[in-house]
Each structure stands twice: as C-alpha cells, then as structure tokens.
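Here's the structure we're looking at; comments come further down.
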Number of protein chains: 2
Amino acid sequence: MDDKDQLQVAIGKRVKMLREEQGIAQQDLAAKCNIEKSNFSRLEAGGTNPTLYTLKRIADNLGITLCDIVNLEDEK
Amino acid sequence: MDDKDQLQVAIGKRVKMLREEQGIAQQDLAAKCNIEKSNFSRLEAGGTNPTLYTLKRIADNLGITLCDIVNLEDEK
DNA sequence: GTCTTGGTTATCATAAATGATAAAATAAGT
DNA sequence: ACTTATTTTATCATTTATGATAACCAAGAC
C-alpha cells in the first residue's frame, strides 16, 4: 500500500462518511453528481484517484466545501 | 468557459500564488513533486484538472494542507 | 419464496491527466 | 548586446479517471 493508495482510501472513506452523515444513498448522490453509481462505489472504496472537478461536484452536492472534503487528517 | 474550466483556472492561480509566497521557482517545486516542469506550468495556467494525488504532492512540498490548497473561494 | 433497495464488482471504451522531450518566449542580470 | 534562469507552449506516448453497461450480492419488506 503506497502513498497514493492510502490517500485514495482516505478520501473514499471521507466521502462515504460525509454522505452517510446526510443519510443520502450512494446512488442518489452519484446521480446528482452525474457520476455512474458503479464509479462512485469504486471511488468510495478507494479504487480511484479522483480529479479536482469530481471532488468539487461531490462537495457541491453535499452542500460542503472542497476544503471540508479533503480534510483527511482528523477522521478516525 | 464552463464550470470545470473555471475551477481549473482557480486552482492554478491558487497554486501559483502559494508557490510565489514562498519564493520558490516553478521548476524547483515541480521537481520536488516529481512533476514535469512543463506539466506544472500547464497546471498553473489552468490547463488541467489535477488529481487528488497531484494536489497532495504539491501541498506536501509547500508545507501546507490539501485544505489550504483547495481553499478557492476567498482569493481575489 | 419474490420484490425492492442499496451497494458491489467486472469489463470495455473513451476522455483526459501525466510523463517526457524539445523548442520558444520572457525576464533579469551583467 | 549576451548570458542565465524561469516560464511557456507544443507535441506525442502512456497511464488512468471516468463513462457506460451488465451482472451479482446482501438485507429487508412483503
């Protein structure tokens, strides 16, 4: 597990956590972001290194900031 | 200029600003991040939609957080 | 049991990020 | 003027994020 993989897993977990906090289904958030639900699942699982724009769409549809989403240090 | 382009330009400007604040040359920061200097120039110019990992390497080598780097709202 | 809902996994195609190299432009100094 | 350093731009190859589709899995409801 290299540096990049760890980052991907961390961002995936964070997105999942933020999404579940709002009680929104994965497929629903994916749809709002215009992301395929399968791809969204892969992202949450840490299987991708998302681009800024992808993260931005997720943040926007969660009603949070990019800063909130990449705040990966203090999540346990 | 669509949504995505605006985001790219904004992140590019922000990276450039943060880099210049530290008085470090573009090519030097690029080297530290293991990014080709030409690609780094393109990124600062808003010509790319960087991945999370790319932004992470830049943040690390600037000694700042990802959150700092994507804090795009309050820069004028 | 079946049906739904939410999520996962696999696969392939396409678009785009990045690597890599080279050349040209720009700025600053002497 | 001439360097030198820095940045920009163009181009091509390679890797990978994403789109797109399909099949599958799990948990509840009924």
Side-chain angles (χ1 to χ4, degrees), chain A residues 1-64 66-70 72 75, chain B residues 1-64 66 69-70 72 75:
Chain A
M1 182 99 139
D2 62 11
D3 204 29
K4 187 177 161 221
D5 288 329
Q6 283 179 257
L7 179 66
Q8 294 184 189
V9 169
I11 193 72
K13 282 186 185 168
R14 178 123 186 96
V15 168
K16 177 170 187 169
M17 184 182 120
L18 292 165
R19 174 180 61 80
E20 290 178 338
E21 270 180 9
Q22 301 196 12
I24 174 170
Q26 189 188 84
Q27 54 194 339
D28 292 343
L29 179 56
K32 292 213 290 180
C33 299
N34 287 310
I35 296 175
E36 280 300 320
K37 66 171 183 171
S38 59
N39 301 325
F40 204 98
S41 173
R42 186 170 48 188
L43 187 155
E44 281 194 356
T48 197
N49 171 24
T51 64
L52 180 63
Y53 184 54
T54 294
L55 294 175
K56 179 70 159 53
R57 278 178 290 159
I58 296 174
D60 285 349
N61 284 287
L62 282 175
I64 62 180
L66 265 173
C67 189
D68 291 327
I69 254 197
V70 299
L72 303 174
E75 119 272 344
Chain B
M1 182 97 136
D2 62 12
D3 204 29
K4 187 176 162 222
D5 287 330
Q6 283 179 257
L7 179 65
Q8 296 185 187
V9 169
I11 192 73
K13 282 186 185 170
R14 177 121 186 98
V15 168
K16 178 170 187 170
M17 184 181 121
L18 292 165
R19 174 180 60 80
E20 289 178 338
E21 271 180 8
Q22 301 196 12
I24 175 170
Q26 189 187 85
Q27 55 193 340
D28 292 342
L29 179 56
K32 293 214 287 179
C33 300
N34 286 310
I35 297 174
E36 281 299 319
K37 66 175 181 167
S38 57
N39 300 327
F40 203 98
S41 173
R42 186 170 46 188
L43 187 153
E44 282 193 356
T48 197
N49 170 24
T51 65
L52 180 63
Y53 184 54
T54 293
L55 294 174
K56 179 70 160 51
R57 281 178 289 158
I58 296 173
D60 285 348
N61 284 288
L62 283 174
I64 62 179
L66 265 172
I69 255 198
V70 299
L72 303 173
E75 116 274 341

Reckon [X] touches a base, only the sugar-phosphate, or nothing at all at heavy-atom distances under 4.0 Å?
X: Ile35(A); result: sugar-phosphate
X: Ser38(A); result: base
X: Asn34(B); result: sugar-phosphate
X: Asp28(A); result: nothing

Could you give the distance from [atom1] ([X]) to [atom2] ([Y]), rounded to the nearest 0.5 Å?
X: Asn49(A); Y: Lys4(A); atom1: CG; atom2: NZ; value: 5.0 Å
X: Arg57(B); Y: Leu7(A); atom1: CZ; atom2: CG; value: 10.5 Å
X: Lys13(B); Y: Met17(B); atom1: NZ; atom2: CE; value: 11.5 Å
X: Phe40(A); Y: Thr48(A); atom1: CZ; atom2: OG1; value: 12.0 Å
X: Ile69(A); Y: Ile58(A); atom1: CD1; atom2: CD1; value: 5.5 Å
X: Leu72(B); Y: Leu52(A); atom1: CG; atom2: CG; value: 7.0 Å

In whole angstrom, give the distance that lies between atom [atom1] of [X] and atom [atom2] of [N].
X: Glu44(B); N: dT8(D); atom1: CD; atom2: P; result: 7 Å
X: Leu52(A); N: dA17(D); atom1: CG; atom2: P; result: 15 Å
X: Ile58(A); N: dA17(D); atom1: CD1; atom2: P; result: 14 Å
X: Phe40(B); N: dA10(D); atom1: CZ; atom2: C1'; result: 20 Å
X: Leu7(A); N: dA17(D); atom1: CG; atom2: C1'; result: 14 Å
X: Asn49(B); N: dT16(D); atom1: CG; atom2: P; result: 17 Å

Below the 4.0 Å mark, does dT7(D) have OP1 or OP2 next to a side-chain nitrogen or oxygen of Arg19(B)?
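Looking at the OP1 and OP2 atoms of dT7(D), one of them is under 4.0 Å from a side-chain N or O of Arg19(B).
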
First and last nucleotide of DNA chain C, 5' to 3', lying under 4.0 Å from heavy atoms of chain B
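First-to-last contact on DNA chain C, by the 4.0 Å heavy-atom rule, is dA17(C) to dA22(C).
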
Lys37(B) or Thr54(B): which one's nearest nucleotide on DNA chain C is closer to the 5' end?
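Counting from the 5' end, the first nearest nucleotide belongs to Thr54(B).
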
Nearest listed nucleotide, side chain of Glu36(A), among dT21(D), dT18(D), dT9(D):
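From the listed options, dT21(D) comes nearest.
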
Between the first and last five pairs of the helix from dG1(C)-dC30(D) to dT30(C)-dA1(D), the angle of the axes, rounded to 10 degrees:
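Inter-axis angle at the termini of the helix from dG1(C)-dC30(D) to dT30(C)-dA1(D): 40°.
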
Which pairs of donor and acceptor atoms, one on a side chain in residues 24-34 of chain B, lie under 3.5 Å apart (sequence neighbours left out)?
unit_1   : atom_1 : unit_2   : atom_2 : d
Gln26(B) : NE2    : Glu44(B) : OE1    : 3.0

Please list, for nucleotides 25-30 of chain D, all pairs of protein and nucleotide N/O atoms separated by less than 3.5 Å.
none

Do Gln6(A) and Val9(A) touch side chain to side chain, with heavy atoms closer than 4.5 Å?
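In short, these two side chains do not touch, never coming nearer than 4.5 Å.
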
Measure the shortest side-chain to side-chain distance between Pro50(A) and Ile11(A) over non-hydrogen atoms and say whether it is less than 4.5 angstrom.
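Side chain of Pro50(A) against side chain of Ile11(A), heavy atoms only: contact under 4.5 Å found.
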
Give me the atom names and distance for the closest heavy-atom approach of Asp5(B) to Asp2(B).
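Closest approach of Asp5(B) to Asp2(B), heavy atoms only: N-OD1, 2.8 Å.
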
Which is it for Thr54(B) and Leu43(B) under the side-chain contact (heavy atoms from CB on, under 4.5 Å) test, yes or no, and what are the steps along the way?
CA-CA 10 Å; Thr54(B) 293; Leu43(B) 187 153; 4.0 Å; yes

Distance only, no hydrogens: is a donor on one side chain within 3.5 Å (strictly under) of an acceptor on the other, for Ser41(A) and Ser38(A)?
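Looking only at side-chain atoms, Ser38(A) and Ser41(A) do not form any donor-acceptor pair under 3.5 Å.
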
Between Lys4(A) and Ala25(B), which is nearer to the 5' end of DNA chain D once each is assigned its nearest nucleotide?
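By nearest-heavy-atom nucleotide position, the 5'-most residue is Ala25(B).
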
Between Ser41(B) and Thr51(B), which residue's closest nucleotide on DNA chain D lies nearer the 5′ terminus?
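With Thr51(B) and Ser41(B) compared, the 5'-side residue is Ser41(B).
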
Might you list the N or O atoms of the protein lying below 3.5 Å from N or O atoms in nucleotides 12-15 of chain D, with each pair's distance?
none

Residue list, salt bridge (Lys or Arg N to Asp or Glu O under 4.0 Å) with Asp60(A), at least two apart or on another chain
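Only Lys56(A) meet the salt bridge (Lys or Arg N to Asp or Glu O under 4.0 Å) criterion with Asp60(A).
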
